[in-house]
Structure formats: C-alpha cells, structure tokens
Number of protein chains: 2
Amino acid sequence: MTFDLPTQGRSDAAAEGETPIVSSAMATDIVPTPTAVFGRPARVLVVDDDENVTNMLRRALSFEGYAVATARDGNDALKKTLEFAPDLVVLDIMLPAIDGVEVCRRLRAGDPQLAILMLTAKDAAADQVVGLDAGADDYLVKPFTLDVLTARVRAQLRRKEPSEVELVRFADLVLDTGTHSARRGTREIALTTTEYDLLLQFMRHPRQVLEKEQLTEKVWGYDFGGNYNVLEVYVRYLRQKLEAAGEPRLIHTLRGAGYVLREPTA
Amino acid sequence: MTFDLPTQGRSDAAAEGETPIVSSAMATDIVPTPTAVFGRPARVLVVDDDENVTNMLRRALSFEGYAVATARDGNDALKKTLEFAPDLVVLDIMLPAIDGVEVCRRLRAGDPQLAILMLTAKDAAADQVVGLDAGADDYLVKPFTLDVLTARVRAQLRRKEPSEVELVRFADLVLDTGTHSARRGTREIALTTTEYDLLLQFMRHPRQVLEKEQLTEKVWGYDFGGNYNVLEVYVRYLRQKLEAAGEPRLIHTLRGAGYVLREPTA
DNA sequence: GTGCGCTCTGAGAGCGCCCTGAGAGAGCTT
DNA sequence: AAGCTCTCTCAGGGCGCTCTCAGAGCGCAC
C-alpha cells in the first residue's frame, strides 16, 4: 500500500503507477488478472538446480500471468531475491552449495512477509518438518501436477498482506521499499542495489551501533574475514548521496565499534 | 486509571510470529491481524487533547487487538508512558502545556526504541520536518481515515524487534548501549570505545568498589602487571567528560583500593 | 613537618582505523 | 565492440585514539 505524501508536488510519483490510497472501506475497484497483487503482476522466483524443472515452471507460471525469475542454487537464489523482490519463492529443498532449508531460513530472516513454497522429494516426510520449521509457508511433494502447483501458488499469494511496500523513515530521510529510492527532505536520491540494502539496514535499526561484521553479514551475506573496506566505501557512497546538498550527517562512525544512524543533534 | 485491553479472546494470537501452515491447496483462512509483538498484544498510547479523537482511536485500535491507553496533554503523556510502557505512541503535534514536538523529543531521549507516530495538521509542512527531526518515526496528516492509521501503526510495530539495546542509568547519568553514547542530564556526551567500555563497568556495578585489577581485566582483557596508569588516565578522561558542565563527581577514588561509582551527596 | 607512595596531570609519540581517489573487472545496454 | 553502471580492490595518507612518560599533587603514617 502506498501512502500519500502530503507535501511535495508529486509530479514523478503520479507517473509511478502506484495505487493511491483507497480511503473508503468499499473498494470495489478493478480486479485485474487474478495473478496480480497490489495492482501489478505477482513476482515468483523459482529455485531448482534442474533446468528442466525451472523451465517448466517458468512457462507454466508465466502462462498464468506471473512475472517469473529463476535461480539454480542457493547463492543465486539469495541474490535474485534481492534484485527481483519476489512475492513468492518456489524452493527446491535439494540444492547444491547452500541447502534449500538454509536458503529458506535466510529468506525468512530477510523478509518475514515473503511467501515460501518448498518442493520436497517424494515421501521425505522428515524434510517437510524441517522445511516448515525453517519458515516455509507450504510444501509440495514431487512429483506434482502443474495444476496443483499453480493452485498452491495462488493460495499463498492470496493471503499476502496487501502492502509490504513500505516507507521507512528516519529524521528527514524516507526510504521507499517499493521503488528502492530514497528522499531526503524533498530531494530525490537514486540508490544502487547495494546502497539500498545497506541503508535499509541502518533504517531498520536506527540509533543502534551496527558492527561491521553484522552489516557485511546482512548486506553481502557473508563475512569478509576482517577486511571491511567494501563496507567503508559504501558508507562513503551513502554519505556522499545523503549529504549532497549540505545536510547534516546521519551515518556516524564509531571508531573501533561500527556505524550508527543517528539524528544530527549538536 | 484504566487501560483498555483487547476484548476478543484471540486464542491464535498466542501463536503469533508463526505463520500458520496451510497444507490444503484451497486455503481461504484469514491470517489474524498481527497486533502482537514479542508474543503479547502491542501497547499503544494515544495522545490528543480532543477527547473525540482519543475515543475514536481507542476504539479503533482496541478493535484491532492492541492494548490502548490515552493521554490528553504533554505531562500526562510522559507520565502514562512510564506507567504503561507503550510500544508505540500516537502523538498529536498540537498539545496544551507541553508542545507535541517537545514531548516527542523527551520520549525519544527516554527510549530510543520507542515508535512514535505524529499527527500533524493539514498542510503544515514545516511541522513534519520539525517532528521528524525531533525523533518521530512517521507522521500522519489530519484528517485521515482509520484504515490509514491502523496500517501505519502496523508498519511501525512490524519493524520492532527484540534488541539488546539497553539504557543503563545511574543518578543523572544514562548510558545507551545502542549508540554507545552517554547523557548527563540533557547533555549529550560522546565516548570513545575504551571510555564506553570502562564507564559500562562502573554503571553495571554502582556503589561497588572496583579494583584496578578487575577493571583492567574487564576493559583491556589482561593484567598490566601492576602498572595501572592507563586506567588512571582513562578515569581522568571520563571525569573530564562527565563533569564538563560543572556537575558533581560520580567516579570517586578509593586510595589503595580502586574506584567507585557513587552519587555525589554521599 | 617530613617522607613515602599512590594518584593525577599535561604533553606527546605511535599505531592503526578509517577515509579517500583512482581504477580494474563484471554485467548490461546500445 | 563500445559505453555505461555498479561492485569491489588497492595504495596512500590523515588523524583519532590509545598509551607512555615524567613530573606534580596529595593522602597518609610517622
């Protein structure tokens, strides 16, 4: 759900294509394709190491009207999730590199709202328990028919909270999780993916010291073994963009400890 | 004083945090509104001088499953915050006695984790800037619909996470483990990492004699073999910062024994 | 008072954390 | 291929922080 921002002229926001607030309870607006959420096609990420499977699912889901992306292993899945921002992930439990269960756990940690549909091997009852414990919303036993799959996908998407496009605020800084863009006061700020991920970490934990290890773990997914120069460089990028018009600093360095997002109190 | 507690017996709200498992494909269940944080109903304090407004918001939020308290002015708000320990405060910017912005600032100073949602008058663009600078997490322009309000409340509470952020207090001194910063009265004090570590030791053991050996062991991780000059120097740094505005001494020397954190009157 | 030893103080040196500018390489668009 | 954006690496350097040192201050015992 998008929130109307009262102040600024929304010349660009109008072109956004976002649904404005429906203030009355009786919203009988157009319901487009049944595969749509929030007025846009739902995004589905398919993760499986078998290309035959991913291709088949891609075709089937595309045919149903979903926007589909695929990934072939765990790392790929995590990366694509950040880029593609899917509403639902179809996840095979057997994966090379990172285990499907582990992927599920990380996805769930990263986004509590994300719908996750796990594919388990036949009769592997134990898998199902493990998978559900890891935060999957539903599972499907191979082999399955496409009808069953699309039905499950539909069911999961239907229960999705209508929103998750969120405006995270701190001081005069606003981060739009829908467009991945930021605004400081009235100034629009374009962010790259990594910059956005990093800033989001700060915005979700304002006034908290974030250690370099935590940040790299969250943003890059792994530890850098003590060399945090990448992080330092990206903090620099963020500061440059956030203070481009001479605004006071928001991301502060705590030498030897990490960084904090804090209001510019004198 | 009476606080509204959610009336509905929400048997499933106890399982909050766990996504209900839907094993059937045709799941039409409705997921209960997630009004809980940390496994209990979230507490919301509504502050407005218009009783019609507070009553309306109380009803709406109670219906959503929140525990609601109300306050009619700034002093009342600060008092109720201490008693009620809300997770979120809905705060009108126009208040008698103490201004809403000032209330916001004090609430924020008292608890960096508290979610604050400000209500501003229509088109008062300046207010929003002021409010956000004072530490509000979000604002809402009057008039608004209840739908919008509850959505915002939900969004704010969703991002609340259990954290180890803690405010350690002693006399007029507050140490924020989130930002590693200290405050004496209203004066903000920046600390280096070593200074912070040392002060934390004192704050965790107030009115206790701490031997030099203990302190160096804890802060520096090893013993200095009898030469405690580093410690003495850092005690000095702390004293300089903590007494910079002429405040009475808190860290006292016990010749031959060590140091104590003790209130000045004793 | 005198002497001793503990503590405080000011100044400064060195380390290393962090910032910075530049650029190579990957991926994508044209 | 060329151009672009984005990511990440690397080397250089500033300066914040830590710690040392020498000397002064001060409490305590005699």
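A note on names: the letters A, B, ... follow the listed sequences, proteins ahead of strands, and every chain is numbered from 1.
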(request) With sequence neighbours left out, write down each residue that passes side chain to side chain contact (heavy atoms under 4.5 Å, CB included) with B:Val209, or none if nothing qualifies. (result)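 So B:Val209 forms a side chain to side chain contact (heavy atoms under 4.5 Å, CB included) with B:Leu254, B:Ala257, B:Val260.
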(request) State which residues pass side chain to side chain contact (heavy atoms under 4.5 Å, CB included) with A:Glu51; sequence neighbours excluded, sorted by chain then number. (result)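 A:Glu51 satisfies side chain to side chain contact (heavy atoms under 4.5 Å, CB included) with A:Thr54, A:Asn55 once adjacent residues are dropped.
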(request) May I have the step-by-step check of side chain to side chain donor-acceptor pair (under 3.5 Å) for B:Thr179 and A:Gln208, ending in yes or no? (result) CA-CA 5 Å; B:Thr179 60; A:Gln208 264 184 65; over 6 Å; no
Could you tell me the separation between the [atom1] atom of [X] and the [atom2] atom of [N], rounded to a whole number of Å?
X: A:Leu238; N: D:dC6; atom1: CG; atom2: P; value: 13 Å
X: B:Glu211; N: C:dT7; atom1: CD; atom2: C1'; value: 17 Å
X: A:Asp197; N: D:dT7; atom1: CG; atom2: C1'; value: 13 Å
X: B:Tyr234; N: D:dG16; atom1: OH; atom2: P; value: 14 Å
X: B:Ile251; N: C:dT7; atom1: CD1; atom2: P; value: 15 Å
X: A:Leu198; N: D:dC6; atom1: CG; atom2: P; value: 15 Å
X: A:Tyr259; N: C:dC18; atom1: OH; atom2: P; value: 6 Å

(request) Could you run through nucleotides 20-30 of chain C and give me one letter per nucleotide, 5' to 3': B if any protein heavy atom sits under 4.0 Å from the base, S if only the sugar-phosphate is that close, - if neither? (result) BB---------
(request) Summarise protein proximity over nucleotides 25-30 of chain D in one line of letters, 5' to 3': B for base, S for sugar-phosphate only, - for none, counting protein heavy atoms closer than 4.0 Å. (result) BBB---
(request) Check the pair B:Ile116, B:Arg108 against side-chain contact (heavy atoms from CB on, under 4.5 Å), reporting the backbone distance first and the verdict last. (result) CA-CA 8 Å; B:Ile116 302 176; B:Arg108 173 61 66 225; 3.9 Å; yes
(request) Establish, for the pair B:Arg262 and B:Phe202, whether the NZ or CZ atom is under 6.0 angstrom from the six-membered ring centre and no further than 45 degrees off its axis. (result)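 Negative - B:Arg262 is either too far from the ring of B:Phe202 or too far off its axis.
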(message) Need one value for A:Tyr228: base, sugar-phosphate or nothing, where a base atom within 4.0 Å counts as base even if backbone is also close, heavy atoms only.
(response)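 It contacts nothing in the nucleic acid.
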(request) Look at all strands and tell whether B:Leu231 reaches a base, only sugar-phosphate, or nothing, counting heavy atoms closer than 4.0 Å. (result)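 Touches nothing.
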(message) Would you say that A:Tyr228 contacts A:Leu215 through its side chain, given a criterion of any heavy-atom pair below 4.5 Å between the two side chains?
(response)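 The answer is no, as the side chains (C-beta and beyond) never meet within the 4.5 Å cut-off.
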(request) Taking only Lys NZ, Arg NE, NH1 and NH2, and the carboxylate oxygens of Asp or Glu, determine whether A:Arg207 and B:Asp111 approach each other closer than 4.0 Å. (result)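 A salt bridge is absent here (no side-chain N lies under 4.0 Å from a carboxylate O).
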(request) Return the angle between end axes of the helix from C:dG1-D:dC30 to C:dT30-D:dA1, with five pairs used per end and rounding to 10°. (result)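 The end axes of the helix from C:dG1-D:dC30 to C:dT30-D:dA1 are about 30° apart, to the nearest 10°.
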(message) Using modelled atom types and a 3.5 Å cut-off, is there a donor and acceptor pairing between side-chain atoms of B:Arg184 and backbone atoms of B:Leu242?
(response)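 Side chain of B:Arg184 to backbone of B:Leu242, a donor-acceptor pair under 3.5 Å: yes, one is there.
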(request) Output, in order, the C-alpha distance, side-chain angles, deciding distance and verdict of side-chain contact (heavy atoms from CB on, under 4.5 Å) for A:Leu198 and A:Leu238. (result) CA-CA 9 Å; A:Leu198 180 56; A:Leu238 275 183; 3.8 Å; yes
(request) For the side chain of A:Thr253, starting at C-beta, report the closest nucleotide among C:dC19, C:dT7, D:dT7. (result)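 Closest nucleotide to the A:Thr253 side chain: C:dC19.
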(message) Using OP1 and OP2 only, check whether a side-chain N or O of B:Trp220 sits under 4.0 Å from D:dT18.
(response)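 No, because none of the side-chain N or O atoms of B:Trp220 sits under 4.0 Å from OP1 or OP2 of D:dT18.
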(message) Below 30° counts as parallel, above 60° as perpendicular, anything between as tilted: where do the rings of B:His180 and B:Tyr196 land?
(response)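 Judged by the thresholds at 30° and 60°, the geometry between B:His180 and B:Tyr196 is parallel.
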(request) Mind jotting down which residue pairs meet the salt bridge (charged side-chain N to carboxylate O under 4.0 Å, His left out) criterion with at least one end in residues 231-258 of chain A? Sequence neighbours excluded, please. (result)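 The answer is A:Arg187-A:Glu247, A:Glu195-A:Lys241, A:Lys212-A:Glu232, A:Glu243-A:Arg249.
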